[in-house]
Amino acid sequence: MEHTAIILFLFAMLASFVQRVSGFGFGIVVMTLLPTLMPSYGEATALSGLMAIVTCVITAIKLRRFFCWEILWPLLLTFILSSFCAVHVVGMVQSAMLKKILGGVLIFLSLYFLFLDGKFHIRPTRLMGGLMGVLSGIMGGLFAMQGPPAVIYLVASTKTKESYTALTQWFFLVGNVMLTLFRWREGFVTRDVCVLWPIGCLGVLVGLLIGARVYAYISVVWLRRIVYLLLAVSGVLACCL
C-alpha cells in the first residue's frame, strides 16, 4: 500500500500539473496508470472521478458569474443519462477487456489531438449539445474521460475565455459528482478508493500549485505533444499486456 500511495501521489501531481498548464487532460493522463494500480477497473474510474472533482471545484466557484445554464443544459442532461448507463456496463464487463478498450481509446485520442485538434468544428446547436453529451457520458462512464466531446461543444458555444472556463469547470464538477454517485451505487467506491483519495488529492493540489507557478515559462504546445505521445505509448501497452 505504501508504494501504491507514493506512485499515486506522483502521478496525480503530474496529471494535475498537465491540467493546470494545458487546460485539460487530468482524467486522460491519470487513467493511463490507475487501471494497473487499483484492484479493479471500476475502482480506478471511481478514484479518478473523485480526484477530478478537486481539480475543478475552486475554479468553478470563482467563475460562477460567467456560468450560462442555457448553453450547458443540453450537454449536461444527456451526459448524466448516458453516463448512468455506461457506469452500469462497467460492472458487467471484465476488467481485462475494459483495459484493452481503454488502450484503444488512448491511441485514438492521442492521434486526434496530434493531428486534428483545432481543425474539427461543430455548430453549437442544442441537438449537437445533446449528442456530444451522450458521447461524453459514454466516455466518462466507461473510461473516466468525458472531456474531449464536451470541450469540442463548449469551445464552439462560448465567446470568451472566462465563459468557456466557467462552463467546462462546472460541467466537470457536476458531471464527476454524478458519476461518483453512480459508481457508489455500483459498488466501485470501496475502502481502497476512500483510503487513497486523500493521498491523490494532495498530489493534485501540489501539481496545481507547481503548474500555476511555471505556467508562464513552459511551452504549452510542446507539453501537449509530449502528453499525446505518452498517451499513444500507454494505449499500445494497455492493448498488448
Side-chain angles (χ1 to χ4, degrees), residues 1 3-12 14-16 19 25-56 76 78-109 133-150 171-204 231 234-235 237-241:
M1 178 63 75
H3 295 297
T4 299
I6 294 173
I7 294 172
L8 174 64
F9 173 84
L10 293 174
F11 219 80
L14 172 64
S16 63
Q19 172 84 19
F26 178 84
I28 296 175
V29 173
V30 83
M31 279 300 289
T32 63
L33 172 77
L34 288 185
T36 61
L37 197 65
M38 299 299 293
S40 72
Y41 183 89
E43 290 170 281
T45 61
L47 182 56
S48 174
L50 282 168
M51 290 191 297
I53 292 173
V54 180
T55 67
C56 58
L76 187 59
T78 54
F79 167 83
I80 291 173
L81 293 174
S82 59
S83 64
F84 174 81
C85 299
V87 169
H88 184 65
V89 170
V90 171
M92 302 169 60
V93 181
Q94 293 183 350
S95 294
M97 180 179 295
L98 285 170
K99 288 178 183 178
K100 291 187 181 298
I101 298 174
L102 172 63
V105 172
L106 289 173
I107 294 172
F108 171 79
L109 288 176
V134 171
L135 182 57
S136 182
I138 294 172
M139 292 182 63
L142 293 180
F143 312 114
M145 297 179 185
Q146 61 266 37
F171 171 77
F172 290 136
L173 175 58
V174 176
N176 278 305
V177 169
M178 295 304 299
L179 280 170
T180 297
L181 293 175
F182 299 155
R183 288 164 181 154
W184 172 79
R185 179 178 177 273
E186 294 292 329
F188 299 149
V189 184
T190 62
R191 179 181 178 277
D192 287 335
V193 171
C194 294
V195 169
L196 291 173
W197 182 47
I199 299 170
C201 288
L202 182 60
V204 167
L231 290 182
S234 299
L237 291 176
C239 290
C240 297
L241 297 180

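Residue numbers run from 1 in the order of the sequence given. Keep in mind that the numbers below use all heavy atoms, side chains included, and drop hydrogens, waters and symmetry copies. On a predicted model such as this, the values are computed, not experimentally measured, just so you know.
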* Asked: CD1/Ile6 to CG/Leu10 distance, rounded to the nearest 0.5 angstrom?
  -> 7.5 Å

* To do: Write down the atom of Phe182, the atom of Ser83, and the distance for their closest heavy-atom approach.
  => CE1-OG, 3.5 Å

* To do: Would you give the length of the straight line joining atom OG1 of Thr4 to atom CG of Leu37, rounded to the nearest 0.5 angstrom?
  => 5.0 Å

* Do the side chains of Cys56 and Phe26 get nearer than 4.5 Å, heavy atoms only? -> no

* To do: Give a yes or no on whether the backbone of Ala44 and the side-chain of Ser48 come within a donor-acceptor separation of less than 3.5 Å.
  => no

* **Non-hydrogen atoms of Pro39 and Glu43 that approach each other most closely** => CB-OE1, 3.3 Å

* Structure fact -> Interatomic distance, CE@Met145 vs CD1@Ile138, rounded to 0.5 Å, equals 15.0 Å

* With side chains defined as the heavy atoms from C-beta onward, is the minimum distance between Tyr41 and Leu102 less than 4.5 Å? -> yes

* Asked: If you take all heavy atoms of Cys194 and Val189, which pair is closest and at what distance?
  -> SG-CG1, 4.1 Å

* Can you tell me how far the CG atom of Leu196 sits from the SG atom of Cys201, to the nearest 0.5 Å? -> 10.5 Å

* Asked: Is there side-chain contact between Phe84 and Met178, with at least one heavy-atom pair below 4.5 Å?
  -> no

* Would you say Val90 and Arg183 make side-chain contact, with heavy atoms under 4.5 Å? -> no

* Structure fact -> Rounding to 0.5 Å, atoms CG (Leu34) and CD1 (Ile7) come to a distance of 11.0 Å

* Asked: Would you say the side chain of Trp184 lies within less than 4.5 Å of the side chain of Val87, judging by non-hydrogen atoms?
  -> no

* Asked: Is the closest side-chain heavy-atom distance between Leu109 and Met139 below 4.5 Å?
  -> yes

* Are any of the side-chain heavy atoms of Thr45 and Phe143 separated by less than 4.5 Å? -> no

* Compare all side-chain heavy atoms of Met38 with those of Thr190 and state whether any distance is below 4.5 angstrom. => no

